[in-house]
Amino acid sequence: MVPIVNNTFTFSGTDSIGRLYVPTCLFIDSRDNITKEELKSKITQMVWYMGRSRLKRILLEDVKFSIENKEIMNTAKIIEGGRLTREWDEKNECVSKGDRSLIDFVQKHPDSPVSLIAVLEIAKFWKLPIKEKITNKWGTPNELFVLLSKDSQNSSMGLSIKQLIAEGDKL
């Protein structure tokens, strides 16, 4: 539980299972004793859902938010930290636009795990018979992959992505 003081609150979190990043969500409730089961039930029954008033999707990291309306969590603004969450939001905006701006995103953040995951997401679709649509919306996985830093390309995930792209190229 994190209190909201002067319309700000700080969330501290780290990835304890060794992944590149861990998506999670924040929520606001007047009770300070809501259980994990109650939260899961509210999400499952779509009483609360992502992108709406009470929930905000973030990545597990240290981040400080400012919030004007405690009933609308999704309007909370990052005021400190949250580098990966900011990048994740930016990446999602590029994907939603579908105007090949994802290429600019990966070029801007070649060392980011968010870029690595973005390339993986596109590479997964490369096996499907929609290559022209993918290329027009986000660029080819190859275009995106070469924009990653050499360290990202040569990481275990980078090498897996390279193999996934090669498999898609064969189809």
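When reading the values below, keep in mind they use all heavy atoms of this one structure, side chains included, and skip hydrogens, waters and symmetry mates.
- At least one side-chain heavy atom of Asp169 sits less than 4.5 Å from a side-chain heavy atom of Trp126.
- Annotation: side chain of Pro110 is not in contact with side chain of Leu147 (no heavy-atom distance under 4.5 Å).
- Between Pro113 and Leu84 there is a side-chain heavy-atom pair separated by less than 4.5 Å.
- Residues forming a side-chain hydrogen bond (donor to acceptor under 3.5 Å, both in side chains) with Glu80 (at least two apart in sequence, or on another chain): none.
- Residues Ser152 and Ser155 have side chains that never bring a donor and an acceptor to within less than 3.5 angstrom of each other.
- Applying the ring pair (Phe, Tyr, Trp, His ring centres under 6.0 Å) test to pairs two or more places apart or on separate chains, those with a residue in residues 101-120 are Phe105-His109.
- Taking all atoms of both residues into account, the shortest heavy-atom contact from Leu59 to Trp88 is CD1-CB, 3.6 Å.
- Residues Leu144 and Ile122 are in side-chain contact: their nearest non-hydrogen atoms beyond the backbone lie under 4.5 Å apart.
- No side-chain heavy atom of Leu120 sits less than 4.5 Å from a side-chain heavy atom of Leu116.
- In this structure, Lys131 contributes its side chain and Gly168 its backbone to a donor-acceptor pair below 3.5 Å.
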One pair to check against side-chain contact (heavy atoms from CB on, under 4.5 Å): Gln153 and Ile161. What are the steps and the verdict? CA-CA 8 Å; Gln153 289 178 18; Ile161 293 169; over 6 Å; no
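- Between Glu167 and Lys127, the closest side-chain pair of non-hydrogen atoms falls below 4.5 Å.
- Using a 4.0 Å cut-off between a side-chain N of Lys or Arg and a carboxylate O of Asp or Glu, Arg83 and Glu87 qualify as a salt bridge.
- A donor-acceptor contact shorter than 3.5 Å is absent between the side chain of Ser41 and the backbone of Glu37.
- Every residue two or more places apart in sequence or in another chain was checked for a side-chain hydrogen bond (donor to acceptor under 3.5 Å, both in side chains) with Lys64, and none qualifies.
- Counting heavy atoms from C-beta on, the side chains of Leu159 and Gln163 never come closer than 4.5 Å.
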In sequence, state the C-alpha distance, the side-chain angles, and the governing distance for Val119 and Leu148, and then conclude on side-chain contact (heavy atoms from CB on, under 4.5 Å). CA-CA 9 Å; Val119 177; Leu148 293 170; 4.1 Å; yes
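- Within the 3.5 Å criterion, the main-chain N or O of Lys77 finds no donor-acceptor partner in the side chain of Ser66.
- Residues Gly81 and Val63 approach most closely at C-CG2, 4.3 Å, considering heavy atoms.
- A distance of 10.5 Å separates NZ in Lys133 from CG in Asn136, rounded to the nearest 0.5 Å.
- Separation of atoms CD1 (Ile58) and CD1 (Ile78) is listed at 8.0 Å; rounding is to 0.5 Å.
- The distance from atom CG of Asp111 to atom NZ of Lys150, rounded to the nearest 0.5 Å, is 12.0 Å.
- Residues Leu102 and Lys137 are not in side-chain contact: their nearest non-hydrogen atoms beyond the backbone lie 4.5 Å or more apart.
- The stretch residues 94-110 participates, sequence neighbours left out, in these salt bridge (charged side-chain N to carboxylate O under 4.0 Å, His left out) pairs: Glu90-Lys108, Glu93-Lys97, Arg100-Glu143.
- Evaluation of the ring pair (Phe, Tyr, Trp, His ring centres under 6.0 Å) test over residues 138-166, restricted to residues two or more places apart or in two chains, returns none.
- The cluster map of Ile, Leu, Val, Met, Phe, Trp and Tyr, joined by side-chain heavy atoms under 4.5 Å apart, puts Val95 and Leu128 in the same cluster.
- With sequence neighbours excluded, no residue forms a salt bridge (charged side-chain N to carboxylate O under 4.0 Å, His left out) with Arg86.
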